[in-house]
Amino acid sequence: MDNCLGRKIRMDYKQKVTAALTAALDGQLTADEISNKIERPKTSDKGDLAFPTFTLAKVLHQAPQQIAKDVATKLDTTGFEKVEVVGPYLNFFFDKNTFSEETLKTVLTEGADYGKNEEGAGGNVPIDMSSPNIAKPMSMGHLRSTVIGNSIAEILTKNGYHPIKDNHLGDWGTQFGKLITAYKLWGNEADVKRDPINKLVEYYVRFHKEDVEHPELDDEAREWFRKLEAGDPEAHKLWAWFREASLQEFSQVYEELGVTFDTFNGEAFYNDKLEEVVQILKDKNLLVESQGAQVVDLSKYDLNPALILKSDGASLYITRDIATALYRDRTYAPAKNLYVVGSEQAYYFKQLKAVLTEIGLPSASKLQYVPFGLITVDGKKLSTRSGRIILLAKVLEESVKLAGEEINEKNPDLPNKEEVAHQVGVGAIVFGDLKNERTNAIDFVLADQLKFEGETGPYVQYAHARAESILRKAASVDVKAGGNEISDPEAWDTIKTLADFPATVKMACAELEPSVIAKFAIRLSKTFNKYYAHSKILAEDAELSARLALVKAVSTVLKESLRLLGVQAPDEM
RNA sequence: GUCGCAAUAGCUCAGCUGGAUAGAGCAACGGUCUUCUAAACCGUAGGUCGAGGGUUCGAAUCUCUCUUGCGACACCA
């Protein structure tokens, strides 16, 4: 990874520091070596950027402290407020006035485009995301894939890519054989019409209960799925009905989350493209028979063989995923091909990538598995079959309800209460999911999700609402970025944080990690809240206009950060 | 059994490429609303960074071994 991205520091100033040091060191270290060692001090009193001299100690055979002193005397410090020597460190302090003015002017001029870059050069990036299973309710696991995928899409766009959000619906596979079998045995049309998903799940769960004692049910299910794949009219009709009814329920959740998709090419979409997959594998001599099934040997990748066709000739998950990769390759010529799927499928994606590499698919190397941590309850995996599920719709409902209660208590005169309750309630859940590194596993506790204080979505939303409130009250004041220094020291951290946004956007993209943005949003909110508590922004003095420029910039960047996470930013709450 | 991921404060987590006294939030305790929204701010308390070795001037960070937890290991997805 690019070193500059990893540090989240102020690029321009880092270059200035590098240049000054390169000149002072007179070739003892290259500019790159210097740049790599520059770091951000932990606390503001140690300056804005620092250079530790330890590495020079080896080259010069001198004590780092002495080196720091020597270098400092040779250093050209124009453009900096000061450079301090503290032990083995050289601490650089920026010229606050210039830095503030430049930063605020940039944010105000660029507005919502601040932080944007064109690194992606418009490259297509299909994202396999959300992917709920037909006839099963969406649970918290699907929330993760949905909101992570959605945020990554926004982040990619901000970095100049062209994401294609693909809801790779689980609308095919043996479970439909089971479902059809169960429906034909115990189902009835009226029940399903009234309450589609719940009824279908009921049948599904019952199937798994009964097949323990009646294993012949499994044979029947397999037969139904085989018929479905063969285009049997009855099977197809039931399948289409289940699918449509499920999609309608899903769309409500998506609307609530504010997530849209570019395509809904579920697994069924690839059904007629599987023959070609098998043909290609045959042509390349990759397919071998093993225990009656057709497999691709992956021993040279140190992986187990990939099972392509079952012994009864039916397709599997990987068969359809190969078809998907093929389709994406031809349709999009992807710059990246992303799969936002739970971390328990890590091994599977290694296999998939290996098979695609064997096939020689041009975009095989672009396949990037974007795992996220498992959600458990009481440390156990969720399972529709066993009834251990967390219904996403319920969680959102609870959160919105609680947000409504908070509003009634804290801001009862708010005009659009319901809308804001929705924005805050849903925002809390989405932000909560994206806040931490996506591979962290989550043991679900409802009360943990319903938090609106501290490092949460509402905290960031609140900081934004406060900023907007000030701007409303100061509507008549001319907001200018330049001209005046903001003498308040509390403002400095806020301005420096604002300046970190572009590098943060890049890092989030490089790591496909929404938490990088979330963490930034918290940091910016924190510095702003501190500033807000510390000084009176609307005081009538010479710096008023500059302070308002800062408030405006904070509001802009907070709103944009939240947008990148798929969270709304109400102006009042 | 093999492979993968993890282990940091009571809880949930940060800790960027090894660097200056290991940081937040929640919970606990105390303080701050006649003044821009107290969903906020300030303070107190709380940690031999799972254990042991190695590399290094320097290790929570890199490496090895072990322990514990979770996950994956072909006819589910």
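Numbers restart at 1 for each chain; the letters A, B, ... are given by sequence-line order, proteins then strands. Computed over heavy atoms, backbone and side chain alike; hydrogens, waters and symmetry mates excluded.
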Legend entry - Sugar-phosphate only, base, or nothing, as touched by A:Ala539 at under 4.0 Å among non-hydrogen atoms: nothing
Inset, instruction - Take atom CD1 of A:Ile38 and atom C1' of B:U17, then tell me their distance rounded to the nearest Å. - result: 13 Å
Under 3.5 Å, which donor-acceptor pairs do the side chains of residues 463-471 of chain A form with other protein atoms, sequence neighbours left out?
{"from": "A:His464", "atom 1": "ND1", "to": "A:Pro570", "atom 2": "O", "distance (Å)": "3.2"}
{"from": "A:His464", "atom 1": "NE2", "to": "A:Ser555", "atom 2": "OG", "distance (Å)": "3.4"}
{"from": "A:Arg466", "atom 1": "NH1", "to": "A:Asn529", "atom 2": "OD1", "distance (Å)": "2.9"}
{"from": "A:Glu468", "atom 1": "OE2", "to": "A:Ser555", "atom 2": "OG", "distance (Å)": "2.5"}

Legend entry - Syn or anti for B:C33 (syn when the glycosidic angle lies within 90° of 0): syn
Legend entry - Residues which pass salt bridge (Lys or Arg N to Asp or Glu O under 4.0 Å) with A:Glu453, listed by chain and number, not counting sequence neighbours: none
Inset, instruction - Can you check whether any acceptor in the base of B:U21 is under 3.5 Å from a donor in the side chain of A:Lys46, or vice versa? - result: yes
Inset, instruction - Tell me what A:Lys435 touches on the nucleic acid: a base, only sugar-phosphate, or nothing, going by heavy atoms under 4.0 Å. - result: nothing
Legend entry - P gap between B:A60 and B:G50, integer Å: 10 Å
Legend entry - Residue mapping more 5' on RNA chain B - nearest nucleotide basis, A:Asp45 or A:Asp448: A:Asp448
Legend entry - A:Asn36 CG - B:G18 P separation (whole Å): 10 Å
Legend entry - A:Tyr339 and A:Asp321: side chain donor to acceptor below 3.5 Å: no
Legend entry - Nearest-angstrom distance from the residue atom CD of A:Glu39 to C1' of B:G58: 13 Å
Legend entry - Watson-Crick or G-U stems involving RNA chain B, each at least 3 pairs long, distances under 3.5 Å, ordered by first number: B:1-7 with B:67-73, B:10-13 with B:23-26, B:28-32 with B:40-44, B:50-54 with B:62-66
Legend entry - Separation of B:G25 P from A:Leu434 CG (nearest whole Å): 21 Å
Legend entry - Gap in Å between the two C1' atoms, one belonging to B:A74 and one to B:U12, rounded: 38 Å
Inset, instruction - Would you classify A:Lys536 as touching base, sugar-phosphate or nothing, given that sugar-phosphate means primed atoms plus P, OP1 and OP2, and contacts are heavy atoms under 4.0 Å? - result: base
Inset, instruction - Starting from P on B:C16, measure out to NZ on A:Lys37 and report it in whole angstrom. - result: 14 Å
Would you tabulate the pairs of protein nitrogen or oxygen atoms and nucleotide nitrogen or oxygen atoms of nucleotides 71-77 of chain B closer than 3.5 angstrom?
{"from": "B:A72", "atom 1": "OP1", "to": "A:Lys381", "atom 2": "NZ", "distance (Å)": "2.9"}
{"from": "B:C73", "atom 1": "O2'", "to": "A:Asn304", "atom 2": "ND2", "distance (Å)": "2.6"}
{"from": "B:A74", "atom 1": "N1", "to": "A:Ser290", "atom 2": "OG", "distance (Å)": "3.0"}
{"from": "B:C75", "atom 1": "O2", "to": "A:Ser311", "atom 2": "N", "distance (Å)": "2.7"}
{"from": "B:C75", "atom 1": "O2", "to": "A:Ser311", "atom 2": "OG", "distance (Å)": "3.3"}
{"from": "B:C75", "atom 1": "N3", "to": "A:Ser311", "atom 2": "OG", "distance (Å)": "3.0"}
{"from": "B:C75", "atom 1": "N4", "to": "A:Gln291", "atom 2": "O", "distance (Å)": "2.5"}
{"from": "B:C76", "atom 1": "OP2", "to": "A:Thr174", "atom 2": "OG1", "distance (Å)": "3.2"}
{"from": "B:C76", "atom 1": "OP2", "to": "A:Lys310", "atom 2": "NZ", "distance (Å)": "3.0"}
{"from": "B:A77", "atom 1": "OP1", "to": "A:Thr174", "atom 2": "N", "distance (Å)": "3.1"}
{"from": "B:A77", "atom 1": "OP1", "to": "A:Arg320", "atom 2": "NH2", "distance (Å)": "3.1"}
{"from": "B:A77", "atom 1": "OP2", "to": "A:Tyr317", "atom 2": "N", "distance (Å)": "3.4"}
{"from": "B:A77", "atom 1": "O3'", "to": "A:Glu267", "atom 2": "OE1", "distance (Å)": "3.4"}
{"from": "B:A77", "atom 1": "O3'", "to": "A:Glu267", "atom 2": "OE2", "distance (Å)": "2.6"}

Inset, instruction - Please list, chain by chain and in numerical order, all residues satisfying ring-ring contact (aromatic ring centres under 6.0 Å, His included) with A:His208, sequence neighbours excluded. - result: A:Tyr204
Legend entry - Under the side-chain contact (heavy atoms from CB on, under 4.5 Å) test, residues paired with A:Phe452 that sit two or more places apart: A:Ser399, A:Leu402, A:Ala403, A:Glu406, A:Ala428, A:Pro458
Inset, instruction - Write down the distance between OH (A:Tyr301) and P (B:G4), rounded to a whole number of angstrom. - result: 19 Å
Inset, instruction - Taking atom C1' in both B:A9 and B:U2, compute the distance separating them and give it to the nearest angstrom. - result: 36 Å
Legend entry - Atom P, compared across B:C49 and B:C75: separation rounded to whole Å: 44 Å
Legend entry - Whole-angstrom distance between B:U44 and B:G4, as gauged at atom P: 45 Å
Inset, instruction - For the pair A:Arg472 and A:Asp571, evaluate salt bridge (charged side-chain N to carboxylate O under 4.0 Å, His left out) and give the outcome as yes or no after the intermediate values. - result: CA-CA 10 Å; A:Arg472 273 196 305 277; A:Asp571 288 344; 5.3 Å; no
Legend entry - Contact list for residues 419-438 of chain A, test salt bridge (charged side-chain N to carboxylate O under 4.0 Å, His left out), sequence neighbours left out: A:Arg144-A:Asp433, A:Arg438-A:Glu513
Inset, instruction - Please state how far atom NZ in A:Lys519 lies from atom P in B:G25, giving the value in whole angstrom units. - result: 14 Å
Inset, instruction - Start with the C-alpha distance between A:Ser44 and A:Asp493, add both sets of side-chain angles, then the distance that settles side chain to side chain donor-acceptor pair (under 3.5 Å), and finish with yes or no. - result: CA-CA 8 Å; A:Ser44 260; A:Asp493 279 338; 2.7 Å; yes
Inset, instruction - For A:Trp492 and A:Asp48, test the side chains for any donor-to-acceptor distance below 3.5 angstrom and give the result as yes or no. - result: yes
Legend entry - All side-chain contact (heavy atoms from CB on, under 4.5 Å) counterparts of A:Asp32, not counting sequence neighbours: A:Thr30
Legend entry - For A:Tyr532, all residues meeting ring-ring contact (aromatic ring centres under 6.0 Å, His included), sequence neighbours excluded: none
Inset, instruction - Check salt bridge (Lys or Arg N to Asp or Glu O under 4.0 Å) between A:Asp219 and all other residues, then give those that pass, not counting sequence neighbours. - result: A:Arg222
Inset, instruction - Just jot down the side-chain contact (heavy atoms from CB on, under 4.5 Å) partners of A:Tyr301, sequence neighbours excluded, or say none. - result: A:Leu298, A:Leu303, A:Ala354, A:Thr357, A:Glu358
Legend entry - P-based separation of B:G10 from B:G46 [nearest Å]: 11 Å
Which atoms of nucleotides 38-44 of chain B (N or O only) lie under 3.5 Å from a protein N or O atom, and what are those distances?
{"from": "B:A38", "atom 1": "OP2", "to": "A:Arg466", "atom 2": "NH2", "distance (Å)": "2.6"}
{"from": "B:A39", "atom 1": "OP1", "to": "A:Tyr462", "atom 2": "OH", "distance (Å)": "3.4"}
{"from": "B:A39", "atom 1": "O4'", "to": "A:Lys410", "atom 2": "NZ", "distance (Å)": "3.3"}
{"from": "B:A40", "atom 1": "OP1", "to": "A:Gly454", "atom 2": "N", "distance (Å)": "3.0"}
{"from": "B:A40", "atom 1": "O3'", "to": "A:Asn529", "atom 2": "ND2", "distance (Å)": "3.4"}
{"from": "B:A40", "atom 1": "O2'", "to": "A:Arg466", "atom 2": "NH1", "distance (Å)": "2.8"}
{"from": "B:C41", "atom 1": "OP1", "to": "A:Tyr459", "atom 2": "OH", "distance (Å)": "2.6"}

Legend entry - Protein-nucleotide distance (A:Lys14, atom NZ; B:C16, atom P), rounded to Å: 15 Å
Legend entry - Between B:A7 and B:U61 - P atom distance, rounded Å: 11 Å
Legend entry - Distance between P atoms of B:A6 and B:G23 (Å, rounded): 24 Å
Inset, instruction - Using a 4.0 Å heavy-atom cut-off across all strands, classify A:Asn91 as base, sugar-phosphate, or nothing. - result: base
